[in-house]
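Please read the structure below before turning to the comments.
Worth saying up front: this structure is predicted, and the values here are computed from it rather than measured. Each chain gets a letter, A, B and so on, in the order its sequence line appears, and its residues count up from 1.
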Protein chains: 2
Amino acid sequence: MDFAIDTAGPRFAPVILAGGSGTRFWPRSRRAHAKQVLALDGDKSMIQQTLERLLPIASANDVWIVTNQLLAEVIAEQLPQVGRKNILAEPVARNTAPACALAAFMLEHEAPETVIGVFPSDHVVGNRERFVEVIRAGIKLAASGERIVVLGVPPTRAETGYGYIELGGEMDAAALPCGDVPVRRVKRFTEKPDLARAEQFVAEGNYAWNSGIFLWSARTLANAVREHCPAMVPLLQQIAASHASSHAGFSGVFAELYPLCQNISIDYAVLEPRSARGETVSEIYCLPADFAWSDLGSWTALYEHRISCAPQLADSGNVCDGTSTHSVIIDAAGNYVYALGKAVALVGVSNLVVVETADALLITTRERSQDVGKVVAQLKSRGRYDLI
Amino acid sequence: MDFAIDTAGPRFAPVILAGGSGTRFWPRSRRAHAKQVLALDGDKSMIQQTLERLLPIASANDVWIVTNQLLAEVIAEQLPQVGRKNILAEPVARNTAPACALAAFMLEHEAPETVIGVFPSDHVVGNRERFVEVIRAGIKLAASGERIVVLGVPPTRAETGYGYIELGGEMDAAALPCGDVPVRRVKRFTEKPDLARAEQFVAEGNYAWNSGIFLWSARTLANAVREHCPAMVPLLQQIAASHASSHAGFSGVFAELYPLCQNISIDYAVLEPRSARGETVSEIYCLPADFAWSDLGSWTALYEHRISCAPQLADSGNVCDGTSTHSVIIDAAGNYVYALGKAVALVGVSNLVVVETADALLITTRERSQDVGKVVAQLKSRGRYDLI
């Protein structure tokens with residue numbers, strides 16, 4: 001495998017979306033220390049791992065980070081390779097469409113053929129080699145014409161929290177620059193279906209989860225925004241011009257104009273209306289995100305990811321993180337524990353999630369760990385902003 | 001109720017036995033910080049509460065503490081009312097008979113009519129008023145003749161970890177100085193029966209648990225030791241004489257002679273042979289320890305004690321100790337949590353025991369909490385003396 005930057009290919013500008021303020025990893029995740037800057041899996045944070053995965057195919061100079069003002073500083077510290085000018089702190093959250101579109105307008109004048117890749121900053125990838133292979137294929141595909149490339153995850157369960165992509169037939173590999181990576185047309189996007197539909201999608205076999213990873217040239221994306229979201233175009237163009245000319249004046253312009261943009265996801269704004277044109281004319285293609293992807297949506301998902309990456313754990317099935325000393329396990333299985341550098345003893349317990357921080361202790365089960373959002377909501381309603 | 005010291009009655013010298021090195025409250029209990037010096041129930045330690053219960057009926061000058069060398073300093077700090085000379089640190093553990101006998105020989109010359117009360121240092125008493133009433137009655141009974149008084153706990157379950165006292169008929173109250181406190185003869189002692197016998201004892205109704213609280217005059221106890229344990233008499237008399245004459249030389253004599261005493265409990269050494277004489281001649285009497293007694297033998301016992309003392313907790317049934325901030329409880333019941341001054345969130349869990357210290361985190365269930373001894377044993381076998 002070749003981990004050198006592919007200088008022969010099109011210029012590639014990853015845009016890492018890091019504005020989320022999830023509560024799912026409470027008590028470790030907080031407003032000012034969200035999931036993407038936590039080291040949930042290994043020593044590096046999610047966003048550090050996101051960048052690390054991309055550096056074999058992108059120059060750090062071409063990487064953009066879009067985040068919020070609470071997280072910008074810690075991200076700048078965690079990613080010293082990325083220039084401070086390339087870290088954009090949104091004055092208010094406006095979902096993903098304005099963030100992606102801003103990147104397109106920034107690059108369109110200078111280098112419209114540049115392929116923009118949109119990457120969530122809080123997902124894990126088990127197989128980085130395959131990740132590079134698929135992204136390289138996607139870059140080539142996106143660079144050849146007005147194509148939009150989405151990465152779809154082979155679904156493993158009837159998850160109702162994801163978007164689903166309905167896939168058309170497989171394309172002729174010889175006609176496309178994607179090597180061995182299979183390419184399929186996209187027929188339709190469906191956001192968060194109910195359980196019955198999700199089960200039907202998984203059973204039918206021609207659906208993929210929307211990974212949130214998209215590839216398209218700056219020109220393609222800018223044109224799509226001009227077509228589908230014309231109101232935000234002058235705003236974003238003015239912000240882009242300000243950024244290009246003077247970083248000092250930029251934050252004022254950004255703060256003034258960005259909040260006026262429509263608060264909408266790139267899926268709803270561009271991908272859904274495009275796919276509604278019908279399979280043969282929409283020019284949206286799907287590559288498989290078959291690189292052991294997980295969005296780590298809960299402590300339980302983290303537990304499952306850790307077990308899948310370390311089959312030797314599967315015997316006892318206990319994951320003890322954060323602890324620097326021995327654990328004592330007696331008749332215990334299936335537990336996830338994060339404790340601050342202390343010995344952990346598990347006796348006769350199973351399928352628990354226990355997470356300790358300096359100011360909080362969460363005790364729940366793998367089955368209920370998605371409900372930590374309710375804890376955060378209660379703390380918020382009690383005014384305990386110190387804890388959220 | 002009269003909480004003043006009863007100066008009209010016989011002199012009363014409580015001997016608090018505090019040598020235990022239990023592992024049942026790991027990770028809070030350690031070798032150098034055993035259960036008796038922990039504040040498991042409220043702000044005061046078990047031994048502080050033990051002393052506090054006795055001070056309405058005893059002068060602090062007359063209180064003796066027998067402990068081990070690891071705990072003597074922390075006990076002296078916790079009990080400033082008790083003179084340092086009255087805190088005896090055993091050079092080696094020799095069970096309860098030598099400790100009780102030593103107190104008897106120390107007091108026999110000076111004031112042989114003094115009633116010695118033997119009290120474990122790690123039990124809880126819910127009803128202190130009744131405790132004082134029963135002990136006062138016991139002191140009067142023990143002072144009138146060569147009587148041995150034991151306190152028996154009305155059994156509530158077929159516990160196999162306790163000693164059982166078989167009771168004879170109730171005595172004529174008018175003939176005894178015990179006021180309203182009922183007195184029964186003791187027929188027999190049975191240490192830790194198997195489950196079938198324990199169930200039979202509880203069903204028969206004429207059995208009590210041995211509380212480990214005994215009352216007898218110094219002379220009665222010294223005579224009993226002379227009769228049943230003659231080998232330790234010269235050793236203990238020499239230690240007692242050394243203590244009376246010079247505290248400086250005392251520790252050398254104590255260290256030399258005490259280890260030569262027989263390692264035996266006062267129950268086996270004196271009470272069982274005495275009771276074997278038959279009910280009518282043994283002169284052993286039982287008063288009811290009917291003052292909401294618990295020996296707090298496990299985290300589960302502590303949980304049950306706390307719930308019984310705070311019926312308002314019984315609804316949610318969660319006890320959160322040690323924490324200074326709010327707790328968030330969502331669909332959780334029956335849990336005991338001790339956390340170090342942090343918010344605790346319980347989501348969808350029941351009947352757990354979770355205990356955090358600076359260097360350890362225990363996660364178990366109420367059903368399995370008695371198995372923390374196994375954790376300590378594993379840590380010991382791995383040489384982790386820092387954690388035990």
Side-chain angles (χ1 to χ4, degrees), chain A residues 26-27 298-299 318 320 322-332 335-384 386-388, chain B residues 26-27 298-299 318 320 322-332 335-384 386-388:
Chain A
W26 188 89
S298 65
W299 288 112
N318 298 291
C320 290
T323 181
S324 59
T325 58
H326 287 301
S327 301
V328 177
I329 313 279
I330 298 174
D331 304 334
N335 301 287
Y336 178 84
V337 181
Y338 179 87
L340 292 173
K342 56 185 61 168
V344 171
L346 302 171
V347 181
V349 289
S350 55
N351 304 323
L352 296 181
V353 171
V354 178
V355 180
E356 185 215 353
T357 66
D359 58 2
L361 177 63
L362 167 70
I363 305 168
T364 185
T365 62
R366 273 167 48 200
E367 202 183 340
R368 292 296 298 275
S369 80
Q370 80 281 6
D371 284 343
V372 295
K374 295 182 185 172
V375 174
V376 177
Q378 281 207 18
L379 290 169
K380 193 173 181 181
S381 75
R382 295 186 200 168
R384 291 299 307 268
D386 56 315
L387 289 171
I388 62 175
Chain B
W26 189 89
S298 65
W299 288 112
N318 297 290
C320 291
T323 180
S324 59
T325 59
H326 286 302
S327 301
V328 177
I329 313 278
I330 298 174
D331 305 334
N335 301 285
Y336 178 85
V337 181
Y338 179 89
L340 293 173
K342 56 185 60 167
V344 171
L346 301 172
V347 182
V349 289
S350 55
N351 304 324
L352 295 181
V353 171
V354 178
V355 179
E356 186 215 352
T357 65
D359 58 3
L361 178 63
L362 167 70
I363 305 167
T364 184
T365 63
R366 272 168 50 201
E367 201 182 342
R368 294 294 300 273
S369 80
Q370 79 281 7
D371 285 344
V372 295
K374 294 180 183 172
V375 174
V376 177
Q378 281 205 18
L379 290 168
K380 192 172 181 183
S381 75
R382 294 185 199 169
R384 292 300 306 270
D386 57 316
L387 289 170
I388 64 174

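Only the side chain of B:Val354 comes within contact range of chain A, with at least one heavy atom under 4.5 Å from a heavy atom of that chain. Using a 4.5 Å cut-off between heavy atoms, A:Val337 touches chain B through its side chain atoms alone. Neither the backbone nor the side chain of A:Ser369 comes within less than 4.5 Å of any heavy atom in chain B. Neither the backbone nor the side chain of B:Ala332 comes within contact range of chain A; no heavy atoms are under 4.5 Å apart. Contacts between B:Glu356 and chain A at a heavy-atom distance below 4.5 Å involve the side chain alone, from C-beta outward.
When each of A:Leu362, A:Leu387, A:Val376, A:Val375 is checked for a side chain to side chain contact (heavy atoms under 4.5 Å, CB included) with B:Val328, only A:Val375 meets the rule.
No other option in A:Arg382, A:Glu367, A:Lys374 has as many heavy-atom pairs under 4.5 Å with chain B as A:Arg382. By number of non-hydrogen pairs under 4.5 angstrom with chain A, the leading residue of B:Asp331, B:Asn335, B:Ile330, B:Ile363 is B:Ile363.
Closest non-hydrogen pair, A:Gln378 versus B:Ile329, comes out as NE2-O, 4.5 Å. Taking each heavy atom of B:Ala339 and A:Leu361 in turn, the nearest pair found is CB-CD2, 3.9 Å. A pairwise comparison of heavy atoms in B:Thr365 and A:Gly348 identifies CG2-O, 3.6 Å as the closest pair. The two residues A:Thr364 and B:Val347 have their closest heavy-atom pair at OG1-O, 2.7 Å.
Residues satisfying the salt bridge (Lys or Arg N to Asp or Glu O under 4.0 Å) test with A:Arg366, not counting sequence neighbours, are none.
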